[in-house]
Participant: 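Once you've had a glance at the structure underneath, I'll fire off some questions.
Everything quoted here is computed from the prediction, not taken from an experiment.
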Amino acid sequence: MTKVKFNFILLLLFILVSCQNSIPETTTVLPPSPSQTPILTITPSSTPTLSLSLTPSTTPYPTFPPYSTKQVIFSYSVYGNQSSTDFLLGYAPQSIIVLYSDGELIISGKPYRQKQYQQKQLSSEEINQLFSQLEVMGFYSLETNQQHDTTDLLYDFKGQYGETNDGLRICILDSAKDRKICVRDHLREFLIPQMKNILQFLDNYEPQNMALYQSNRLLLEVKIRQDEINDHPEIISWPIDFPLTKTNKSEILYIEGEMASQIFSLFGFQEDGRVVNSNGVEYYVIVRLVLPHETLSWDR
């Protein structure tokens with residue numbers, strides 16, 4: 001009997017051990033410690049190189065680096081002849097003649113014909129001669145209410161006045177004496193002889209030994225040439241190392257420094273619109289100078 005009990009106990013133990021071995025083992029997965037976390041290393045050879053070019057900008061909204069401006073002491077300008085880039089300059093007038101406080105003189109194309117921009121550093125004697133001539137011609141004694149109508153003493157309409165605000169305004173400014181007189185360009189024939197003589201003098205004013213103006217700041221309006229642009233049959237090559245973006249939208253670019261001088265030379269040292277060929281694509285490019293007294297801003 002005792003032997004039977006002992007054998008029964010051995011059998012029971014055998015069954016229990018077998019059952020325990022048949023239960024699947026549970027494995028717990030722990031997150032790796034910080035020392036076990038994989039680290040991604042980028043070597044310098046695998047890092048892409050980014051070439052930044054702030055000037056010129058190839059985006060539709062170029063940035064304008066700060067620069068020092070000059071003070072104007074005299075100008076002869078045209079208002080109302082704006083281009084699509086002039087809002088960046090606050091719709092500044094086109095300066096026909098501009099004289100700065102340091103003696104630099106810049107003369108642009110006249111209102112009625114294109115002409116190369118020229119410059120000269122005037123002496124004190126030459127500056128005095130300019131203002132003396134204006135005084136002799138009566139610029140500082142002219143009477144005007146600037147209404148450009150029959151009440152304005154700058155005009156003699158002889159009964160032919162027709163009210164209109166169309167056309168350009170031509171203005172003469174002496175900032176030192178705070179004297180500014182404007183006339184309506186389309187009313188020139190009705191100006192009194194004194195005013196006509198002053199305008200004729202300024203239209204032809206050009207001191208000796210003028211040199212071509214080497215602009216160092218430009219605005220370019222660039223667009224793909226359209227079929228309707230037929231008044232520029234000449235197509236010039238674009239040798240400048242400057243990419244033009246192939247886009248159907250008009251793009252404004254700001255150029256400064258040596259590249260600006262090269263492009264201005266390509267355009268014959270004058271503001272103009274030309275058809276250019278760059279990498280087999282024809283573009284219509286309009287050049288607008290940024291003169292030393294002009295500031296650029298998108299917040300106009």
Side-chain angles (χ1 to χ4, degrees), residues 72-99 105-119 130-131 133-175 177-207 210 213 219 221 231 267-273 286-291 293-294 300:
V72 176
I73 61 174
F74 177 82
S75 67
Y76 178 44
S77 307
V78 176
Y79 288 77
N81 191 19
Q82 268 77 39
S83 68
S84 57
T85 58
D86 280 354
F87 73 96
L88 296 173
L89 295 159
Y91 294 101
Q94 178 189 0
S95 298
I96 305 169
I97 299 172
V98 58
L99 176 62
L105 173 74
I106 297 176
I107 298 181
S108 74
K110 305 302 186 219
Y112 307 106
R113 59 188 175 89
Q114 292 180 328
K115 186 178 180 181
Q116 293 176 324
Y117 273 71
Q118 299 180 80
Q119 66 180 352
L130 170 62
F131 289 112
Q133 185 66 34
L134 289 171
E135 185 171 10
V136 169
M137 300 181 75
F139 173 70
Y140 299 100
S141 60
L142 286 169
E143 297 183 26
T144 173
N145 60 10
Q146 292 294 274
Q147 296 301 308
H148 312 290
D149 57 17
T150 56
T151 67
D152 194 335
L153 297 180
L154 284 181
Y155 302 91
D156 182 7
F157 291 102
K158 297 181 172 61
Q160 302 179 50
Y161 174 73
E163 185 174 358
T164 177
N165 291 320
D166 297 336
L168 306 176
R169 285 187 305 130
I170 300 177
C171 298
I172 306 169
L173 168 68
D174 180 345
S175 59
K177 295 186 177 181
D178 196 23
R179 177 72 163 170
K180 183 178 182 179
I181 294 180
C182 299
V183 300
R184 294 285 184 185
D185 184 45
H186 67 288
L187 298 177
R188 269 195 180 221
E189 62 177 303
F190 301 111
L191 289 170
I192 60 176
Q194 193 175 6
M195 191 68 214
K196 284 183 177 179
N197 291 337
I198 293 172
L199 294 181
Q200 184 176 7
F201 164 69
L202 292 175
D203 282 341
N204 296 300
Y205 175 71
E206 191 172 303
M210 298 287 289
Y213 177 58
L219 284 174
E221 183 181 1
D231 53 344
F267 277 69
F269 299 96
Q270 60 187 24
E271 292 180 328
D272 197 5
I286 300 174
V287 165
R288 169 65 158 93
L289 267 69
V290 181
L291 293 173
H293 65 283
E294 296 178 319
R300 296 292 189 183

Participant: Go through I192 and L153 one step at a time and tell me if the side chain to side chain contact (heavy atoms under 4.5 Å, CB included) criterion holds.
Facilitator: CA-CA 8 Å; I192 60 176; L153 297 180; over 6 Å; no
Participant: What is the distance from atom CG of L291 to atom OH of Y213, rounded to the nearest 0.5 Å?
Facilitator: 5.5 Å
Participant: Verify side chain to side chain contact (heavy atoms under 4.5 Å, CB included) between F139 and L202, making sure each step is shown before the conclusion.
Facilitator: CA-CA 12 Å; F139 173 70; L202 292 175; over 6 Å; no
Participant: Quick check for you: to the nearest 0.5 Å, what is the distance between Q116 atom CD and S108 atom OG?
Facilitator: 12.5 Å
Participant: Please name the pair of heavy atoms, one in R169 and one in C182, separated by the smallest distance, quoted to 0.1 Å.
Facilitator: NH1-SG, 3.8 Å
Participant: Do I181 and L142 have side chains that approach each other closer than 4.5 Å (heavy atoms only, starting at C-beta)?
Facilitator: yes
Participant: With the side chain counted from C-beta on, respond yes when M195 and Y155 share a heavy-atom pair under 4.5 Å apart, and no when they do not.
Facilitator: no
Participant: Does atom CG of D178 have more than 12 heavy-atom neighbours from other groups under 6.0 Å away?
Facilitator: no
Participant: Is it the case that the side chain of S175 and the backbone of I73 share a donor-acceptor pair, with hydrogens and angles ignored and the cut-off at 3.5 Å?
Facilitator: yes
Participant: With a 6.0 Å cut-off (strictly less than), is the heavy-atom count around CD of Q200, excluding the residue itself, greater than 12?
Facilitator: no
Participant: Ignoring hydrogens, what is the shortest heavy-atom contact between I170 and R188? Give both atom names and the distance.
Facilitator: CD1-NH2, 3.3 Å
Participant: In Å and rounded to the nearest 0.5 Å, what is the CD to CZ distance from Q118 to F269?
Facilitator: 11.0 Å
Participant: Begin from the C-alpha positions of T144 and D152 and carry the test side chain to side chain contact (heavy atoms under 4.5 Å, CB included) through to its verdict.
Facilitator: CA-CA 5 Å; T144 173; D152 194 335; 2.8 Å; yes
Participant: Can you measure from CZ (F131) to CG (L99) and round to the nearest 0.5 angstrom?
Facilitator: 5.5 Å
Participant: Going from CG on L199 to CG on N204, what distance comes out if it is rounded to the nearest 0.5 angstrom?
Facilitator: 11.0 Å
Participant: Taking C-beta and beyond as the side chain, do L105 and P207 meet within less than 4.5 Å on heavy atoms?
Facilitator: yes
Participant: Can you tell me if E135 uses its side chain to pair, donor with acceptor, with the backbone of Y140 under 3.5 Å?
Facilitator: no
Participant: Check whether any side-chain heavy atom of Q146 sits under 4.5 Å from a side-chain heavy atom of L154, and report yes or no.
Facilitator: yes
Participant: F74 and L130: which non-hydrogen atoms are nearest, and at how many Å?
Facilitator: CD2-CD2, 4.1 Å
Participant: State, with a plain yes or no, whether a side-chain heavy atom of H293 is found less than 4.5 Å away from one of S75.
Facilitator: no
Participant: As an exercise, state the distance from CD1 of I97 to CD of E206, rounded to the nearest 0.5 Å.
Facilitator: 9.5 Å
Participant: Take F201 and Y76, measure what side chain to side chain contact (heavy atoms under 4.5 Å, CB included) needs, and give me the verdict at the end.
Facilitator: CA-CA 11 Å; F201 164 69; Y76 178 44; over 6 Å; no
Participant: Looking only at non-hydrogen atoms, find the nearest pair between Q194 and S141 and report the distance.
Facilitator: NE2-OG, 4.1 Å
Participant: What are the two closest heavy atoms between L173 and K180, and how far apart are they?
Facilitator: CD1-CB, 4.0 Å
